[in-house]
Amino acid sequence: MKPVIESVDAISKLEHLSGVKIRPGENPYDALIQICNDHPAEIQSLYASHRLTRNLQQQQQFLSADFKELIVDPVLFRLERPSGQPGFRDPRHCLVVWARPPEHILKLASHLQTLLQKAAPNLWLMPTHRMHMTTLELAHSQTSDEIASLVSLIRPAIPLLTNLTFMHRVRLVRPMISYDLSAIAVSFVPAAEEHDGYTYHHLRKDLFKAVKKTGVEVRSRYVVPSAHITLGRYLDQEDHATPLARQSWIRAIEEINEWLETQVWDAVDGEFMGEWIVGQEKGLEVRDGTLWYGGGRTIMAGEGF
């Protein structure tokens, strides 16, 4: 049977705030590149605008007098607090291409988690060894047999998918905390210097194109100008139960983002650095299984540099 558990991502999905209209059958990543005139600075601006606009929307929801509650992930809740349903297992199998952060980005992400947990002690934190950025989601919420069928179809293309970053150097910069009512992440924007003509969005476009050539239809939950690593999710309402607590949470996020912008964005040799060359240390990974919280298995990992 197909999994029927409703995903929290479907409730609080990332709206496509860029305004780019995608025609049926079109490579959605190519559409955004065209809208941006294939110019790295415009692509970066769209990524930056997306995360700033979304943060503002979410801030308004947290601080609204009509605030109801956080969106607690029901699957993660059952996995982390199994007393309510002993033996529960996540039924949702997925197929993805992941980018793994290098050591200096993991160090930064871990430090951000420490700062966030000071403001919300009950926050569920993504283990650093499971941290990832979903560069392309091919399929989600399927049965294991359905995913296995897709894997067999794309298998000839997997070496190309995993090694694209070895052929193309893609830089991500300017880390920032992004958040909503269900989760919190560190997000990046594509670099836009003179030598950054091939951006992270070009990489996503080429991954989509390579998968489509295999005959597999890419069924992503959302296609947005976003490059993020999930840092944590909410398991209950305790840390945000009062207006004062929610104000303190927003203030903590703003202070972290100010620190990132002033101390990390331009750092080239500091304790924390925010530039990420995708494929650094580890190539892309094609993975399947129950991937939602960093699980699953690696089918193939590309060569790092």
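All values reported here derive from a predicted model rather than from experimental measurement. Throughout, numbering of the chain's residues begins at 1 and tracks the sequence.
The two residues Leu123 and Asp239 have their closest heavy-atom pair at N-OD2, 3.8 Å. Closest heavy-atom contact between Leu46 and Leu32: CD2-CD1, 3.3 Å. Summarising the geometry of Pro40 relative to Asp38, their closest heavy-atom pair is CD-O, 3.8 Å, with the distance given to 0.1 Å. Residue Thr199 comes nearest to Ala191 through the heavy atom pair CG2-O, 4.3 Å, listed as atom of the first residue, atom of the second, then distance. Residues Leu70 and Phe62 approach most closely at CD2-CE2, 3.5 Å, considering heavy atoms. For the residue pair Ala119 and Trp249, the shortest heavy atom distance occurs at CB-CE3, 3.8 Å.
You'll find the side chain of Pro102 reaches within 4.5 Å of the side chain of Ile105, heavy atoms only. The side-chain heavy atoms of Lys212 and Asn27, taken from C-beta on, include no pair separated by under 4.5 Å. Side-chain atoms of Gln58 and Leu181, non-hydrogen and from C-beta on, do get closer than 4.5 Å to each other. Taking 4.5 Å as the limit, some side-chain heavy atom of Ile184 sits within range of a side-chain heavy atom of Ile253. Leu260 has its side chain within reach of Trp265: a pair of non-hydrogen atoms, C-beta onward, lies under 4.5 Å apart. Inter-residue side-chain proximity for Ile43 and His39 is flagged as unmet; no heavy-atom pair is nearer than 4.5 Å. Side chains of Glu137 and Val223 form no contact here, defined as non-hydrogen atoms less than 4.5 Å apart. In this structure, Leu125 and Gln117 have side chains that are in contact, with non-hydrogen atoms separated by less than 4.5 Å.
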Next on the checklist: Before you tell me yes or no, could you show the steps for Met167 and Leu164 under side-chain contact (heavy atoms from CB on, under 4.5 Å), namely the whole-Å CA-CA distance, both residues' side-chain angles and the distance that decides it to 0.1 Å?
Outcome noted: CA-CA 5 Å; Met167 296 179 279; Leu164 272 175; 3.8 Å; yes

Next on the checklist: Is there a side-chain contact (heavy atoms from CB on, under 4.5 Å) between Thr135 and Tyr200? Walk through the geometry before answering.
Outcome noted: CA-CA 9 Å; Thr135 304; Tyr200 178 68; 3.4 Å; yes

Checklist entry - Does the pair His195 and Arg169 meet the rule for a side-chain contact (heavy atoms from CB on, under 4.5 Å), with working shown? => result CA-CA 10 Å; His195 58 286; Arg169 297 293 187 264; over 6 Å; no

Next on the checklist: Working note: Glu69 + Asp236, criterion side-chain contact (heavy atoms from CB on, under 4.5 Å); need CA distance, chi angles, decisive distance, verdict.
Outcome noted: CA-CA 9 Å; Glu69 60 183 7; Asp236 54 42; over 6 Å; no

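Taking OG1 of Thr290 as the reference point, atom CD1 of Ile147 lies at 11.0 Å (rounded to 0.5 Å). If you take CE on Met133 and OG on Ser226, they are separated by 9.0 Å, rounding to the nearest 0.5 Å. For the atom pair Leu136 CG and Leu284 CG, the distance stands at 10.0 Å (nearest 0.5 Å). Interatomic distance, CD of Glu238 versus CG of Leu235, reported as 11.0 Å (0.5 Å rounding). Taking CG of Leu115 as the start and OG of Ser110 as the end, the distance is 9.5 Å to the nearest 0.5 Å. Between the CD atom in Gln280 and the NE2 atom in His104 there is a gap of 5.0 Å [rounded to 0.5 Å].
Between the side chain of Glu255 and the main chain of Ala252, no donor-acceptor pair closer than 3.5 Å is present. The closest donor-acceptor contact from the side chain of Thr242 to the backbone of Ala245 lies under 3.5 Å. A distance-only check finds no donor-acceptor pair linking the side chain of Lys118 to the backbone of Gln113 [under 3.5 Å]. Under the 3.5 Å distance criterion, the side-chain polar atoms of Gln142 are matched with a main-chain donor or acceptor of His140. A distance-only check finds no donor-acceptor pair linking the side chain of Asn257 to the backbone of Met176 [under 3.5 Å]. Remark: side-chain polar atoms of Thr262 are paired, donor with acceptor, to backbone N or O of Glu258 under 3.5 angstrom. Looking only at distances, a side-chain donor or acceptor of Lys68 sits under 3.5 Å from a matching main-chain atom of Asp66. The closest donor-acceptor contact from the side chain of Glu80 to the backbone of Trp124 lies at 3.5 Å or more, if one exists at all. Looking only at distances, no side-chain donor or acceptor of Arg233 sits under 3.5 Å from a matching main-chain atom of Thr230. Side chain of Ser45 to backbone of Ala41: no donor-acceptor contact under 3.5 angstrom is found.
Taking the six-membered ring where the residue is Trp, the centroids of His201 and Tyr47 are separated by under 6.0 Å. In this structure, Phe67 has its ring center no closer than 6.0 Å to that of His240.
For the pair Arg78 and Phe88, the cation-pi criterion (under 6.0 Å, within 45° of the ring axis) is fulfilled.
Among residues two or more places apart in sequence or in another chain, the ring pair (Phe, Tyr, Trp, His ring centres under 6.0 Å) test is passed with His168 by Tyr198. Scanning for ring pair (Phe, Tyr, Trp, His ring centres under 6.0 Å) contacts around His132 gives Trp98, with sequence neighbours left out.
Under the 3.5 Å distance criterion, with hydrogens and angles disregarded, no donor-acceptor pair is assigned to the side chains of Asn55 and Gln59. Donor-acceptor pairing under 3.5 Å is recorded for the side chains of Ser187 and Arg51. Looking only at atom types and distance, the side chain of Asp180 has a donor-acceptor partner in the side chain of Ser182 under 3.5 Å away.
When hydrophobic clusters are built by joining Ile, Leu, Val, Met, Phe, Trp and Tyr residues whose side-chain heavy atoms come closer than 4.5 Å, directly or via intermediates, Val96 is not grouped with Ile154. Clustering ILVMFWY residues whenever any of their side-chain heavy atoms sit less than 4.5 angstrom apart, transitively, puts Tyr29 in the very cluster that holds Leu138. Two different hydrophobic clusters hold Ile277 and Val97 under the rule that ILVMFWY side chains link at heavy-atom gaps under 4.5 Å. Grouping the Ile, Leu, Val, Met, Phe, Trp and Tyr side chains by contacts below 4.5 angstrom, directly or via other members, places Leu112 apart from Met273. Each of Val75 and Leu291 belongs to its own hydrophobic cluster when Ile, Leu, Val, Met, Phe, Trp and Tyr are linked at side-chain heavy-atom distances under 4.5 angstrom.
The salt bridge (Lys or Arg N to Asp or Glu O under 4.0 Å) pairs that include a residue from residues 189-209 are Arg171-Asp196, where partners are two or more places apart or lie in different chains. Identified under the ring-ring contact (aromatic ring centres under 6.0 Å, His included) test for residues 266-288, with sequence neighbours left out: His111-Phe272, Phe188-Trp276, Trp259-Phe272. Within the structure, no pair that satisfies the side-chain hydrogen bond (donor to acceptor under 3.5 Å, both in side chains) test touches residues 148-166, not counting sequence neighbours.
In Asp266, the CG atom is not crowded: 12 or fewer heavy atoms of neighbouring residues, nucleotides or ligands sit closer than 6.0 Å. Few gaps surround CZ on Arg81; more than 12 heavy atoms of other groups in view lie less than 6.0 Å from it.
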Please table the atom pairs, donor to acceptor, closer than 3.5 Å between any side-chain atom in residues 293-305 and protein atoms at least two apart or in another chain.
from	atom 1	to	atom 2	distance (Å)
Tyr293	OH	Asp73	OD1	3.0
Tyr293	OH	Asp73	OD2	2.9
Tyr293	OH	Leu76	N	3.3
Tyr293	OH	Arg92	NH2	3.0
Arg297	NE	Asp288	OD1	2.8
Arg297	NH2	Asp288	OD2	3.3
Thr298	OG1	Glu285	OE1	2.9
Thr298	OG1	Arg287	NH1	2.5

